[in-house]
Amino acid sequence: MASILYQGHGSLRLTTSAGTVVYVDPYMGPRGKEDPSTYREPANLILVTHQHFDHTALGLPRRAEGCLVWQNFDSHPNPRTWLTRTFGDVTVEAVQAQNKNHPIDECVGYLVQADGVVIYFSGDTSETRQMRDDLAHRHIDYAFWPGDGIYNMDVAGAAECARLVGAAHNVPIHLKPVVPYGEAEAQRFARLAPNALLVRPGERLDLVPTA
């Protein structure tokens, strides 16, 4: 069974049943910025949604032999192209991410498939056209949403995006800059969003297909 460890802020670690380790936007650990405690599992793949400092601590995870780093400029090389690649038992599709602080040509989210589960790592974003036109039809099992209300949409906006996309489980992250978590914001998301699931830094989430 695949699992996700929420490290804090916008940083997550996916581990598949085959043992493939994928870090998403490395930077935060449960004890704060560049905390190495949850980065000791060697990475097979590192995904970066954009180039802001709190998503790009690429030296933090240990790396397995042959580790690949796939960043926003690799997965979104021009304004009309979002790429899909398969890395072993993990398929990664870049999708739109944007708001006033995150230009659409410099940022991506990732739709990841592993062990029969579809996971949406939205990156730093607010509502996008693709959420309504495409992602709402993709049968997403787990979606991770930012809600800090400063650099991204606020919790109410994240809850509205969760309604648009219709994932089976919606998890709030990136709730306060730049600390591991915002409990009050998470609780508000849980009141507003459908199918809300709260995961705190350092907690592991087992991923179960819902389709």
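Every heavy atom of this structure was used, including side-chain atoms; hydrogens, water molecules and symmetry mates were not.
Nearest heavy-atom pair across Gly116 and Pro209 is O-CB, 3.6 Å. Scanning both residues, Pro146 and Ser122, for their nearest heavy atoms gives CD-OG, 3.1 Å. Smallest separation of non-hydrogen atoms from Ser37 and Arg31: CB-NH2, 3.6 Å. Taking all atoms of both residues into account, the shortest heavy-atom contact from Leu192 to Val155 is CD1-CG1, 4.3 Å. The two residues Asn195 and Ala167 come nearest to each other via the heavy atoms ND2-O, 3.3 Å. Shown here for Pro42 and Ala64, the closest heavy-atom pair between the two residues is CB-N, 3.7 Å.
Here CG of Asp133 is found 10.0 Å from CG of Leu164. Values are rounded to the nearest 0.5 Å. The CD atom of Gln98 sits 4.0 Å away from the CD1 atom of Ile104 when rounded to the nearest 0.5 Å. The OG1 atom of Thr210 sits 10.0 Å away from the NE2 atom of His139 when rounded to the nearest 0.5 Å. The OG atom of Ser126 sits 14.0 Å away from the OH atom of Tyr151 when rounded to the nearest 0.5 Å. Atom SG of Cys161 and atom CG of Asn170 lie 10.0 Å apart (nearest 0.5 Å). His55 NE2 to His102 NE2: the interatomic distance, rounded to the nearest 0.5 Å, is 6.0 Å.
In this structure, Leu45 is not a member of the same hydrophobic cluster as Val21, with clusters built from ILVMFWY side-chain heavy atoms closer than 4.5 Å. Placement of Met28 and Tyr6 in two distinct hydrophobic clusters is found when ILVMFWY residues are connected by side-chain heavy-atom separations under 4.5 Å, directly or transitively. In the hydrophobic clustering of this structure, Leu5 does not group with Leu197; members are Ile, Leu, Val, Met, Phe, Trp, Tyr whose side-chain heavy atoms approach within less than 4.5 Å, directly or through other members. Under the 4.5 Å side-chain heavy-atom criterion for grouping Ile, Leu, Val, Met, Phe, Trp and Tyr, Leu47 is not connected to Leu60 through any hydrophobic cluster. Val108 is not connected to Ile46 by any chain of hydrophobic side-chain contacts under 4.5 Å among Ile, Leu, Val, Met, Phe, Trp and Tyr, and they are in different clusters.
Between Tyr120 and Met131, the closest side-chain pair of non-hydrogen atoms falls below 4.5 Å. Residues Arg63 and Val69 are in side-chain contact: their nearest non-hydrogen atoms beyond the backbone lie under 4.5 Å apart. Under the 4.5 Å side-chain criterion, counting only non-hydrogen atoms from C-beta, Leu58 is in contact with Gln71. Looking at heavy atoms from C-beta onward, Leu14 lies out of side-chain contact with Val24 at the 4.5 angstrom threshold. By the 4.5 Å heavy-atom criterion applied to side chains, Ile4 and Val171 are not counted as neighbours. Between Val95 and Asp134, the closest side-chain pair of non-hydrogen atoms is not below 4.5 Å. Residues Thr38 and Pro30 have side chains in contact (heavy-atom distance under 4.5 Å, counting atoms from C-beta outward). Inter-residue side-chain proximity for Val92 and Ser75 is flagged as unmet; no heavy-atom pair is nearer than 4.5 Å.
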* What do the steps show when you test Leu207 against Ile119 for side chain to side chain contact (heavy atoms under 4.5 Å, CB included), and what is the final call? -> CA-CA 9 Å; Leu207 304 181; Ile119 312 151; 3.6 Å; yes
* **Worked check of side chain to side chain contact (heavy atoms under 4.5 Å, CB included) between Glu127 and Met153** => CA-CA 8 Å; Glu127 183 181 331; Met153 56 191 167; 5.7 Å; no
* Taking it one step at a time, do Arg163 and Glu160 satisfy salt bridge (Lys or Arg N to Asp or Glu O under 4.0 Å)? -> CA-CA 5 Å; Arg163 280 189 286 273; Glu160 179 58 29; 3.0 Å; yes
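A donor-acceptor pair under 3.5 Å is absent between the side-chain atoms of Gln96 and the main chain of Thr128, judged by distance alone. Proximity of a side-chain donor or acceptor of Gln7 to a complementary backbone N or O of Arg13 within less than 3.5 Å is detected. The backbone N or O of Val118 sits less than 3.5 Å from a side-chain atom of Asp141, completing a donor-acceptor pair.
Between Phe121 and Phe144, the angle of the ring planes stays under 30°, which puts this pair in the parallel group of the 30/60° scheme. Ring planes of Tyr142 and His169: parallel class, angle under 30° (limits at 30 and 60°). Ring orientation note: the planes of Tyr23 and Tyr39 are close to parallel, at an angle under 30° on the 30°/60° scale. Ring orientation note: the planes of His76 and Trp82 are close to parallel, at an angle under 30° on the 30°/60° scale.
Screening Val48, Val178, Asp35 against Tyr27 for a side chain to side chain contact (heavy atoms under 4.5 Å, CB included) leaves a single residue, Val178. With Thr49 as the fixed residue, the side-chain hydrogen bond (donor to acceptor under 3.5 Å, both in side chains) test singles out one of Asn72, Thr56, Asp25, Thr125: Asp25.
For Arg132, the CZ atom sits in a loose shell: 12 or fewer heavy atoms of surrounding residues, nucleotides or ligands are nearer than 6.0 Å.
Between the side chains of Thr16 and Asp115, no donor-acceptor pair is found at a separation under 3.5 Å. Between the side chains of His174 and Asp148, a donor-acceptor pair is found at a separation under 3.5 Å. The closest side-chain donor-acceptor pair between Asn99 and Asp124, if any, does not fall under 3.5 angstrom. Side-chain contact check for Asn44 and Thr20: no donor-acceptor pair (N or O, by modelled atom type) lies under 3.5 Å. With 3.5 Å as the limit, one finds a donor-acceptor pair spanning the side chains of His9 and Asp54.
Ring centers of Trp70 and Phe87: under 6.0 Å apart, within the cut-off.
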